[in-house]
Amino acid sequence: MMKVLALLPALLCSLCSAASSSDAHWCYKSQKTPSNTCKEPEEWKTQYKECGKESQSPINIITKDTRFTESLIPLTFKGYNDMHLLMIKNNGHSVQVELSKNMQISDGGLSKSYRTVQFHLHWGTKESEGSEHLIDGRRYPAELHIVHEIQGATTAKSDEKPLAVLGFFFEKADNDNDKYEPLIHALKDIPLEGNSTAIGRLKLKDLIPEEAKLHRYFRYNGSLTTPACNETVVWTIFEEPIPLSQRQIEAFSEHLFFPDGKTKMKSNFRPSENLNDRVNFLKVMLVSVPGTHAPPMVISKNVVKEESGKAFRLTRNADGDHWRTVRQKPVKPGGKPLPRPRASGYERTTKRKKLLRTFEISGSPISARLLEVYYASWQQNPGKLL
């Protein structure tokens, strides 16, 4: 039985100060200069042994290699809708906002509830992207990490991770995100390490996508992404991005400086680590018409898939937000396919009506690939996924 409680203070200290970038002499590649001999990410393992282990973060999530699991139900958020007075700080390697421990997450495959500790961000530059995690090799402009600590740690099992981190990507938008403007506005008041200021009363819920869009996420076990790189984190990476304008994204690297007070804080992300023998789990919320028993046919758009001698076709509704599968009539021996009967909500056969199975997705290329993963998982174990 692992006593996680004794470990938590050290982990949280690592999160808050990240061993102090000046004292520990670690840095990001963007800080390395001929006069600054700090250790960049590739060299962290020479000073911090954990940084060279097998379950490190971040990673490049390859969607075709993810595995669907029915245990990953939607997360439950408690207190995220409460208003809190928040303070933001330049901690020398990022901006960090301390959070009330009255906010919690649970369910979503987590064995216990986790309470909020803080959130921080990683970003790039005007010319390059800066998220830590990647999706199929794509790096986003920036990434938000909301850090949680486990509750009831004294009775935690050895396989439970002390920390749960929610990761959200940012994407460039044409317009400002007004909900982020108080945070963006505060950056000019904390240019140097140790500077802090109030950003006003905010709801954490307002800084992330609406809950209805948080049903698709990736789950894996990993580490902190800064030294000492402790492998104590259960990661949840959401597919739905948060929009920020180009001006808002650039504000981080424009107003903030690393500990030397001269080098602008930019590209503060760790390069992706090898997945090794870990498994990436996928949660994708599939909304189906009640009563259907047809297998989910998840394939590329307008492609016909043969399954048990029956042909299925994936079609897309006019609104672009729904995909559905339609079973085709059999082919006459030596002849042409029988005409497909008209169907508006029902698939008509000579004996009975069968409801079509409908999948609700965002319509993004990522979502389409995730649904292909779901179909592949169904082929392996259809009984559990219907």
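Bear in mind the structure is a predicted one, so any value in this text is a computation, not a measurement.
A search for side chain to side chain contact (heavy atoms under 4.5 Å, CB included) contacts involving Leu192 returns Asn195, Phe257, not counting sequence neighbours.
Considering only heavy atoms from C-beta on, Glu240 stays 4.5 Å or farther from Phe169 through its side chain. When side chains are defined from C-beta on, Ile62 counts as touching Asp136, because their heavy atoms get closer than 4.5 Å. The side-chain heavy atoms of Trp235 and Asn221, taken from C-beta on, include no pair separated by under 4.5 Å. Two residues are said to be in side-chain contact when any heavy atoms from C-beta on lie closer than 4.5 Å; Leu134 and Ile61 fail this criterion. Taking 4.5 Å as the limit, every side-chain heavy atom of Glu43 sits out of range of all side-chain heavy atoms of Cys27. Side-chain atoms of Arg219 and Val234, non-hydrogen and from C-beta on, do get closer than 4.5 Å to each other.
Side chains of Asn230 and Glu50: no donor on one and acceptor on the other come within 3.5 Å. For the residue pair Asn276 / Glu54, a side-chain donor-acceptor distance below 3.5 Å is found, with atom types taken as modelled. A donor atom on one side chain and an acceptor atom on the other are not found under 3.5 Å apart for His25 and Gln47. In the model, Glu250 has no side-chain atom that pairs as donor or acceptor with a side-chain atom of Gln248 under 3.5 Å. Between the side chains of Thr225 and Glu132, a donor-acceptor pair is found at a separation under 3.5 Å. With no hydrogens or angles considered, no side-chain donor-acceptor pair links Asn175 and Ser245 at under 3.5 Å. Looking only at atom types and distance, the side chain of Ser57 has a donor-acceptor partner in the side chain of Tyr220 under 3.5 Å away. Side chains of Ser128 and Thr125: a donor-acceptor N/O pair is present below 3.5 angstrom, by distance only.
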Per-pair distances, 0.1 Å, donor-acceptor, side chain in residues 73-87, under 3.5 Å, sequence neighbours excluded:
{"from": "Thr76", "atom 1": "OG1", "to": "Asp107", "atom 2": "OD2", "distance (Å)": "2.5"}
{"from": "Tyr80", "atom 1": "OH", "to": "His148", "atom 2": "NE2", "distance (Å)": "2.7"}

Inset, instruction - Apply side-chain contact (heavy atoms from CB on, under 4.5 Å) to Ile146 and Leu99, showing your working. - result: CA-CA 9 Å; Ile146 306 179; Leu99 297 172; 4.2 Å; yes
Checking Leu144 against Ile208 for the side-chain contact (heavy atoms from CB on, under 4.5 Å) test, could you report, in this order, the C-alpha distance in whole Å, the side-chain angles of both residues, the deciding distance, and whether it holds? CA-CA 9 Å; Leu144 167 69; Ile208 63 176; 4.1 Å; yes
**Trace of the side-chain hydrogen bond (donor to acceptor under 3.5 Å, both in side chains) decision for Ser131 with Arg139** = CA-CA 6 Å; Ser131 69; Arg139 193 181 298 279; 4.8 Å; no
Gln31/Thr263 under side-chain hydrogen bond (donor to acceptor under 3.5 Å, both in side chains): CA gap, chis, key distance, verdict: CA-CA 7 Å; Gln31 295 174 257; Thr263 307; over 6 Å; no
**Asked** Taking it one step at a time, do Met265 and Trp123 satisfy side-chain contact (heavy atoms from CB on, under 4.5 Å)?
**Response** CA-CA 9 Å; Met265 191 179 292; Trp123 57 88; 3.6 Å; yes
Item checked: side-chain contact (heavy atoms from CB on, under 4.5 Å) between Arg216 and Leu72, worked out -> CA-CA 10 Å; Arg216 289 181 294 276; Leu72 295 184; over 6 Å; no
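Grouping the Ile, Leu, Val, Met, Phe, Trp and Tyr side chains by contacts below 4.5 angstrom, directly or via other members, places Phe269 apart from Leu187.
Closest of all the heavy-atom pairs between Ile184 and Arg247 is CG2-NH1, 4.3 Å. Contact record, Pro243 with Asn177: O-ND2, 2.9 Å, taken as the closest heavy-atom pair. Contact detail for Lys213 and Pro209: the closest heavy-atom pair is CB-CB, 4.5 Å.
The line from OG1 of Thr226 to NE2 of His122 is 7.0 Å long, rounded to the nearest 0.5 Å. Considering OH of Tyr28 and CZ of Phe258, their distance stands at 7.5 Å, rounded to 0.5 Å. Annotation: the span from Leu214 atom CG to Glu210 atom CD amounts to 8.5 Å, rounded to 0.5 Å. Separating the CG atom in Leu163 from the CD atom in Glu149 is a distance of 7.5 Å, to the nearest 0.5 Å. Atom OG in Ser272 sits 10.0 Å away from atom CZ in Arg270 (nearest 0.5 Å).
Pairs engaging residues 40-109 under the disulfide (SG to SG under 2.5 Å) rule: Cys51-Cys229 [sequence neighbours left out].
A salt bridge is absent between Arg278 and Glu273; no separation between the charged side-chain nitrogens and carboxylate oxygens falls under 4.0 Å. The pair Glu40-Lys32 counts as a salt bridge, with a side-chain nitrogen and a carboxylate oxygen less than 4.0 angstrom apart. Of the charged side-chain nitrogens involved, none lies within less than 4.0 Å of a carboxylate oxygen, so that Lys29 and Glu42 do not count as a salt-bridged pair.
Between the side chain of Asp189 and the main chain of Thr197, no donor-acceptor pair closer than 3.5 Å is present. Judged purely by atom type and a 3.5 angstrom limit, Asn91 has no side-chain atom pairing as donor or acceptor with the backbone of Gln96.
Between Val97 and the choices Leu121, Leu204, Ile88, the side-chain contact (heavy atoms from CB on, under 4.5 Å) rule is met once, by Ile88.
Relative orientation of the His145 and His120 rings is perpendicular, given thresholds of 30° and 60° on the angle between their planes.
Between Tyr180 and Phe170, the ring centre distance stays below 6.0 Å.
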